[in-house]
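In the text below, chain A, chain B and the rest are named by the order of the sequence lines, each starting its count at 1.
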Amino acid sequence: MSPAYDPKATEEKIYKFWEPYFAPMAVGTTKSKGKTYAIHLPPPNITGSLHMGHALNVTLSDILIRYHRMRGYKTVWFPGTDHAGIATQNVVEKNLKKEGISRWDLGREKFTKKVWEWKEKYGDIIIGQLKKLGASCDWSRTRFTMDPAYAEWVKKAFVHYYERGFIYRGKRVVSWCPRCQTSLSDLEIEYKEESTKLWYIKYPLISNQESRIRNQEYIIVATTRPETMLGDAAVAVNPDDKRYKNLTGRKVVLPIQNREIPIVADRAVEMSFGTGAVKVTPAHDILDSEIGERHKLPQFQIINERGKMTAEAGKDFEGLKTLEARERVVAELEKLGLIEKIEDYKHNLATCYRCGAALEPLLSDQWFLKMEKLAEKTLKAVKSGKIKIIPENFEKVLLDWMEKVRDWCISRQIWWGHQLPVYFCKNKQEEISNFKFQISNENSSAEKYVVAAEKPKQCPFCKNCDMKQSEDVLDTWFSSALWPFAGLSQNDLKDFYPSSVLITARDIINLWVARMIFSGLEFMKEVPFPETLIHATILTKEGKRMSKSLGTGIDPLGLIEKYGADAIRFGIIWQTMGTQDVHWDEAAVVAGRKFANKLWNIARFVQGQTGISNPEFPCLAGRQVISKQISNSELQDEDREILGKSEKLKTEIEKDIKNYEFGPALHKIYDFIWHDFADQYIELSKNRTDENVKIILCHLLGDSLKLLHPFIPFITEEIHRRLFGNALIVEQW
RNA sequence: GGACGGUUAGCUCAGCGGUAGAGCAUUCGCCUUACACGCGAAGGGUCGCAGGUUCAAAUCCUGCACCGUCCACCA
């Protein structure tokens, strides 16, 4: 053994050695006989490579997997990747853009083929990266959220919901990304603070007696989007607002459009904001569409799916971008003397969480999943303790959202994803469409369609058309929600559903965890996992979010290259004390590398002392020494002390792992090995020659390797192999 | 606007009722035959601020300040 530990000479070799042991099997004892332990890897998006957040997640999961495997559980870690709809589509689009090609140039079929090529490439890269980190996943069970078997489940789920009346189609105002050309769910919106103006606009009141005669009276509304006034259908005030009490029911003239619109009373209006009077644009604002529904207001679609003004906006505005229209509207109003004032204003602009474009609330046909009953189930499971969220305070995040959850818009107008199992009749379309403008050619609610897992052989409506499958795809999270069971074999479901624990980051508690819970309850009649561990978020040293686009990300693989995988795992866990966010500090990785080296040299010392002459595998000399009995009659105080400490440490580590206290556990092992074992006992042992001390040294090292193996698997395996000859990964804990 | 968390050595963090700790960095000795990715020693903190509870507070309570994360249909 050379004096310095070299991870590069070890890791790849050791990983190959391990692979046969990743399949579920029960090793050793009778104690845990029949017990199973399973974790599902949160499937990384195939958009690129892994980041520190993945490294943390993978390390935590691997600790639990390796620990339970050693304890004799039939253990499995299910890996896989996620097709990640919009995210992946955008990455591929950006890539194509470099060649000057858009997805429209290619067309749907060719484009999705490109995405599949991307998937093959990056899916493999991601799996390679997971292996580098030492993840002991069962690769024979790797899944992708668009595998055929998985896709079957997705269709089955959709049909299941539809048949129970949970899925409906509706024309609603949804958040629309004009760049991605698709709808988004509430959770896919990212708010960014923006400095803008608040325009106070005077809407002339029509007097009671002389209709349409303008007088000096106005009602003033405040808005951040003056261009949407072209689509106003009313002005709303709060019914309790004394200022406007006697105006309710009267009408105003909508400037520019010269349309008479009513003043309505609605509780959604906040009296304290602006003037307390709000313009209502039912087709371009979600809140306004609800007010519109309550007061039966018409919807004027003045902006199209590309963020440009429609004919409905008026001749002067048609074809303009919204911001251009804004300037023109303001100029026009100023000319008319209808701008009361303009204030500086900061508000949160809704943007696309994938491409960052400002969202446009837009009226369109979409598919929704009714959340009421599903939310009820989820709440019950969480409140009753069937699912525990750790740490507990994150339970509130889930409950809060679930308690006021809105129906989930599950359709997306992109190309990459699971197409809806909906088939349209090509011939039967009824002619009722309230809106001239249509988002997609499936727009007419009067179309005839069938929801079915397979395309019907014969169209049930016209009896002779070749039915056309919906072009929409499902929200990527619809399929991720099925991850704990979709695509699993019957046997695996029997053995490993529910899984043991879900380990994930806090930012997808609602996006993913909540949806897995109700999906599990709905399709498997049981919660998908009894515990959810919400781990820390790794931030930069300055406390900023790690992000590729900001250039603040740290590449785990670069660190592995520099320090070795064990050192990275050590560094991550060393810093992850609770669930408090981590301000990344490479110094902890340095500590990890030093510690690995220390351990290596302890092994070298023990090897020398115990006369293990042939360090190369297979070497049974160590095995022989360690199997010898310690002579109790010859025990010295120092022996008793160190053996006692080692025993106590083992108990503490078991407790820590059970409580998911990985950081504190690692610190304890570190302290014991460095300060008790090496600094004290090894130094004392140098003055002794008795047989006992050799056996004890072997025992201490053997036990230390076991305790450490889940945390830093490569070096512990390598040492164990060299000194004791057998596989540590399946050594009984 | 709401919720949650943080504020302890130069940096990143433990400690969470009883005389301030770790890693990294710094200084001074040591290549002492397991390890210089090391060994031995040293310096460095009125534990965010202001009150309160207590024999005793970094640790409990209240208020404030600053930082961070998440949630939110105030136009």
task = Apply side-chain contact (heavy atoms from CB on, under 4.5 Å) to the pair A:I219 and A:V237, showing each step before the final yes or no.
result = CA-CA 10 Å; A:I219 189 161; A:V237 297; 4.3 Å; yes
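Nucleotide B:C64 has B:G48 as its partner under the Watson-Crick or G-U criteria, with both atom distances under 3.5 Å. The partner of B:A41 is B:U27, judged by Watson-Crick or G-U wobble contacts that both fall below 3.5 Å. Checking B:U59 for Watson-Crick or G-U wobble geometry (two distances, each under 3.5 Å) identifies no partner in any strand. Using the Watson-Crick or G-U wobble rule with both distances under 3.5 Å, B:A3 pairs with B:U69. Summarising the base pairing, B:U54 is matched to no nucleotide, lacking a Watson-Crick or G-U wobble pair whose two defining distances lie under 3.5 Å. With a cut-off of 3.5 Å on both Watson-Crick or G-U wobble distances, the partner of B:U12 is given as B:A22. Both distances falling under 3.5 Å, in either a Watson-Crick or a G-U wobble arrangement, occur for no nucleotide opposite B:A34.
The residue A:V269 sits close to a base: some heavy atom pair falls under 4.0 Å. Counting any heavy atom pair closer than 4.0 Å across all strands shown, A:N348 reaches a base atom. A:K541 comes within contact range of the sugar-phosphate backbone alone, with a heavy-atom separation under 4.0 Å but no base atom that close. If you check every strand for non-hydrogen atoms under 4.0 Å, A:W584 touches nothing. Contact annotation for A:I682: base contact, defined as any heavy-atom pair under 4.0 Å involving a base atom. Contact annotation for A:K598: base contact, defined as any heavy-atom pair under 4.0 Å involving a base atom. A:A678 comes within 4.0 angstrom of a nucleotide base, judged by non-hydrogen atoms across all strands. Residue contacts for A:K668: at a heavy-atom cut-off of 4.0 Å it reaches no nucleic acid atom on any strand shown. At the heavy-atom level, A:A4 lies under 4.0 Å from base atoms of the strands shown. Heavy atoms of A:Y563 sit nowhere under 4.0 angstrom from any nucleic acid atom. Across all strands shown, A:R406 has heavy atoms under 4.0 Å from base atoms, whether or not it also approaches the sugar-phosphate. Among the heavy atoms of the strands, none lies under 4.0 Å from A:W199. A:I602 comes within contact range of at least one nucleobase, with a heavy-atom separation under 4.0 Å. Using a 4.0 Å heavy-atom cutoff across all strands shown, A:Y670 reaches sugar-phosphate atoms only and no base atom.
The side-chain heavy atoms of A:D285 and A:T228, taken from C-beta on, include no pair separated by under 4.5 Å. Side chains of A:E661 and A:K655 form no contact here, defined as non-hydrogen atoms less than 4.5 Å apart. Within the 4.5 Å cutoff, the side chain of A:H667 has heavy atoms near those of the A:M577 side chain. Counting heavy atoms from C-beta on, the side chains of A:I291 and A:H295 come closer than 4.5 Å. A:K694 is not listed as a side-chain neighbour of A:H699, based on a closest heavy-atom distance of 4.5 Å or more.
For the pair A:R225 and A:W199, the cation-pi criterion (under 6.0 Å, within 45° of the ring axis) is not fulfilled.
Of the two residues near RNA chain B, A:A603 and A:F595, the one whose nearest nucleotide lies more 5' is A:A603. Of the residues near RNA chain B, A:K404 and A:D585, the one whose nearest nucleotide (by heavy atom distance) lies more toward the 5' end is A:D585.
Using a 4.0 Å cutoff to heavy atoms of chain A, the contacted part of RNA chain B runs 5' to 3' from B:A3 to B:A75.
B:C71 and B:G18 are spaced 41 Å apart, taking the C1' atom of each and rounding to whole Å. Separating the C1' atom of B:G6 from that of B:C30 is a span of 42 Å, rounded to the nearest Å. Distance noted for atom P between B:A20 and B:A58: 9 Å (whole Å). Taking atom P on both nucleotides, B:C49 is separated from B:C37 by 40 Å, rounded to a whole Å. B:A65 sits 46 Å from B:G29 when the C1' atoms are compared, rounded to a whole Å. Spacing between B:U69 and B:G17 at atom C1', rounded to whole Å, works out to 30 Å. The same atom, C1', is picked in B:G2 and in B:C60; the two are 26 Å apart, to the nearest Å. Of the P atoms belonging to B:U19 and B:C11, the separation is 27 Å, rounded to the nearest Å.
In summary, the aromatic rings of A:Y218 and A:Y203 are positioned with their centroids too far apart to meet the 6.0 Å limit.
Listed by first and then second residue, the side chain to side chain donor-acceptor pair (under 3.5 Å) pairs that reach into residues 594-603 of chain A are A:N601-A:R604, sequence neighbours excluded.
Residues meeting the side-chain contact (heavy atoms from CB on, under 4.5 Å) test with A:Y345, sequence neighbours left out: A:T196, A:L198, A:T224, A:F273, A:H347.
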